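Just so you know, these numbers come straight off a predicted model, no measurement behind them. Atom set for the values below is all heavy atoms of this structure, side chains included, hydrogens, waters and symmetry mates excluded.
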Amino acid sequence: MSVSSLAHHDYTVGWICALPNPELVAALFMLDIEHPRLPRKQADTNNYTLGQIGQHNVAIACLPQGEYGLSSATNVASQMRMSFPNIQFGLMVGIAGGVPSLPDHDIRLGDVVVSKPGIGNGVLSSMITAKLWKAMSSNQPVGLMHLLQLYGVPLVLCKLDR
């Protein structure tokens with residue numbers, strides 16, 4: 001399908017950033033291809049950057065300037081789902097990404113946190129430390145995909161065919 005013929009229903013990954021800099025800037029650098037804007041759906045106040053990462057069509061939005069927290073992120077996510085009805089995966093990516101401080105998890109900068117509602121304690125499913133992530137990704141790409149699946153990342157998001 002050509003980039004110019006893409007429509008709202010062709011996007012299956014939603015990516016929300018809390019901050020325009022550095023989180024949104026980093027997200028934009030991840031795009032292999034940037035797609036043209038689509039017409040705004042009624043009642044959606046989000047500004048989207050659309051693009052492709054590997055085989056995935058991605059809609060990226062940032063929280064409104066100066067707004068933070070769960071209600072703002074929920075509002076952005078709700079509007080995104082309304083405009084892009086086929087989104088299968090929602091990612092909140094950034095500094096801490098809304099990760100709670102829990103006494104039994106020593107979360108540090110660079111750690112990858114994977115969460116699914118209803119798994120584990122319902123808040124935090126698993127964590128891949130930055131040290132383990134670096135070792136797995138630099139030495140064993142097949143092992144990295146296995147590790148991501150083990151930690152609950154859906155298989156379709158583990159496809160690294162770039």
Side-chain angles (χ1 to χ4, degrees), residues 1-99 109-117 119 124-128 130 133-134 136-138 141-142 144-149 151-162:
M1 179 177 289
S2 83
V3 171
S4 62
S5 66
L6 291 172
H8 289 89
H9 66 268
D10 293 312
Y11 291 84
T12 57
V13 177
W15 181 330
I16 299 173
C17 303
L19 301 169
N21 191 15
E23 295 173 8
L24 180 60
V25 171
L28 300 180
F29 274 110
M30 291 295 297
L31 294 175
D32 296 326
I33 300 168
E34 190 168 334
H35 297 166
R37 290 186 181 270
L38 293 173
R40 186 184 300 258
K41 296 279 187 163
Q42 188 175 6
D44 187 347
T45 59
N46 293 336
N47 291 313
Y48 296 101
T49 300
L50 305 174
Q52 187 172 331
I53 300 175
Q55 65 185 9
H56 305 287
N57 289 326
V58 182
I60 302 172
C62 193
L63 300 186
Q65 186 72 31
E67 292 186 29
Y68 304 100
L70 186 57
S71 64
S72 183
T74 301
N75 191 40
V76 170
S78 297
Q79 291 181 28
M80 181 182 281
R81 288 278 298 152
M82 178 185 64
S83 291
F84 300 93
N86 290 335
I87 287 183
Q88 297 173 3
F89 302 99
L91 308 171
M92 180 75 185
V93 179
I95 302 168
V99 175
L109 185 63
D111 291 347
V112 175
V113 178
V114 179
S115 179
K116 255 191 206 176
I119 303 247
L124 182 65
S125 296
S126 52
M127 182 180 74
I128 305 169
W133 180 263
K134 184 177 180 183
M136 291 300 293
S137 62
S138 62
V142 172
L144 172 62
M145 282 194 273
H146 174 72
L147 180 69
L148 290 172
Q149 292 167 32
Y151 278 86
V153 176
L155 179 61
V156 69
L157 291 179
C158 295
K159 293 183 179 174
L160 303 174
D161 52 358
R162 291 170 140 261

Side-chain heavy atoms of Cys62 within contact of Val76, under 4.5 Å
no
Listed by chain and number, what are the ring pair (Phe, Tyr, Trp, His ring centres under 6.0 Å) partners of Tyr48, not counting sequence neighbours?
Phe84
Considering all heavy atoms of both residues, which atom of Asn46 and which atom of Asp44 are nearest to each other, and what is their separation?
N-OD1, 2.9 Å
Please report the shortest heavy-atom distance between Cys17 and Ile60, naming the atom on each side.
SG-CG2, 4.3 Å
Side-chain contact, heavy-atom cut-off 4.5 Å: Ile53 with Leu31?
yes
Has Glu67 got a side-chain atom pairing as donor or acceptor with Leu63's backbone, closer than 3.5 angstrom?
no
Judged by modelled atom types alone, do Asn47 and Arg40 share a side-chain donor-acceptor pair under 3.5 Å?
yes
Nearest 0.5 angstrom please: Leu6 CG to Leu50 CG, how far?
8.5 Å
Can you list the steps and then say if Phe89 with His56 is a side chain to side chain contact (heavy atoms under 4.5 Å, CB included)?
CA-CA 11 Å; Phe89 302 99; His56 305 287; over 6 Å; no
Distance in Å, Ser83 OG paired with His9 NE2, rounded so as to fall on 0.5 Å steps
14.0 Å
Within-4.5 Å side-chain heavy-atom neighbours: Tyr11 and His35
yes
Heavy atoms only: give me the nearest Ala59-Met80 pair and the separation to one decimal.
O-CE, 3.6 Å
What distance separates Thr74 OG1 from Gln79 CD, expressed to the nearest 0.5 Å?
11.5 Å
Once you round to the nearest 0.5 Å, how far does CD1 of Ile87 lie from NE2 of His8?
10.0 Å
With rounding to the nearest 0.5 Å, note down the distance linking CG in Asn86 to CZ in Arg81.
8.5 Å
